[in-house]
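Reading through the structure tokens given below for one structure.
What you see is a predicted model; the values in this text were computed from it and never measured. Residue numbers start at 1 and run along the sequence shown.
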Amino acid sequence: MQYTVSGRSCLCIFLIVGAMVSGSSGQHRRGYPIPPPPAVPDSPPSQDPRAAASRLDVVTMEREAKEMAALASTIPGDIEQLKKGLLPRSALDKLQRIEKLSKELRRRIRP
């Protein structure tokens, strides 16, 4: 019995044998590959606590200065009432609040 091998069947045999040999080459993967770390970190960069604290101090100082200016602008009206013999009840409270705010501002400016 004589076997004739056509070009097509020879190619199929070659591909099957080649696939079997390359499949057992020893390069076995276990699971999925490990992805690289992200290019941009997830967490925002940490800020210097002193810079954040000083920024908050500046905002607080501005707020206290505006409050003190608003209170001080009402004092001349209270003095006019005092000339007429009337002492507004809130005049002393305003002056005490101005004094307290000025002490706080001095403390923040000169630690």
Side-chain angles (χ1 to χ4, degrees):
M1 194 170 169
Q2 196 176 28
Y3 291 105
T4 58
V5 179
S6 69
R8 187 176 274 178
S9 63
C10 183
L11 180 62
C12 287
I13 292 172
F14 178 72
L15 288 176
I16 292 171
V17 170
M20 290 172 57
V21 170
S22 68
S24 64
S25 66
Q27 294 183 0
H28 295 288
R29 272 194 190 169
R30 295 183 182 177
Y32 295 103
I34 298 172
V40 178
D42 291 337
S43 62
S46 61
Q47 296 179 353
D48 184 22
R50 293 181 126 191
S54 68
R55 184 181 64 84
L56 291 176
D57 286 344
V58 170
V59 171
T60 305
M61 286 176 19
E62 285 180 10
R63 184 184 38 182
E64 289 177 349
K66 286 179 183 179
E67 182 183 354
M68 189 167 58
L71 288 171
S73 68
T74 62
I75 298 298
D78 293 340
I79 298 298
E80 289 298 319
Q81 293 290 329
L82 188 62
K83 284 180 185 178
K84 296 177 185 176
L86 303 171
L87 179 62
R89 186 177 220 181
S90 62
L92 295 176
D93 294 336
K94 289 178 193 176
L95 290 171
Q96 286 177 344
R97 179 70 180 149
I98 290 171
E99 186 178 353
K100 181 179 177 184
L101 288 171
S102 67
K103 285 180 182 178
E104 282 293 315
L105 284 172
R106 272 184 298 207
R107 184 185 62 82
R108 290 178 197 271
I109 292 171
R110 275 191 269 163

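Partners of Q81 according to the side chain to side chain contact (heavy atoms under 4.5 Å, CB included) rule, which considers only residues two or more places apart in sequence or in another chain, are L86, P88. K103 is linked by a salt bridge (charged side-chain N to carboxylate O under 4.0 Å, His left out) to E99, counting only residues two or more places apart in sequence or in another chain. Here E104 pairs with R107, R108 under the salt bridge (charged side-chain N to carboxylate O under 4.0 Å, His left out) rule; sequence neighbours left out. For L92, the side chain to side chain contact (heavy atoms under 4.5 Å, CB included) criterion is met by no residue, not counting sequence neighbours.
When the side chains of ILVMFWY residues are joined at heavy-atom separations under 4.5 Å, either directly or via intervening members, L87 and L95 end up in two distinct hydrophobic clusters.
Within the model, atoms OG1 of T60 and CD of E62 stand 9.5 Å from one another, a figure rounded to the nearest 0.5 Å. With rounding to the nearest 0.5 Å, the separation of CD1 in I98 from CD1 in I75 is 4.5 Å.
The hydrophobic cluster of Y32 has no other members, since no ILVMFWY side-chain heavy atom comes under 4.5 Å of it.
Residue pairs meeting the side chain to side chain donor-acceptor pair (under 3.5 Å) criterion with at least one member in residues 66-78, sequence neighbours excluded: E67-R97, T74-K94, D78-K94.
Looking at every heavy atom in both residues, M68 comes nearest to L105 through CE-CD1, 3.5 Å.
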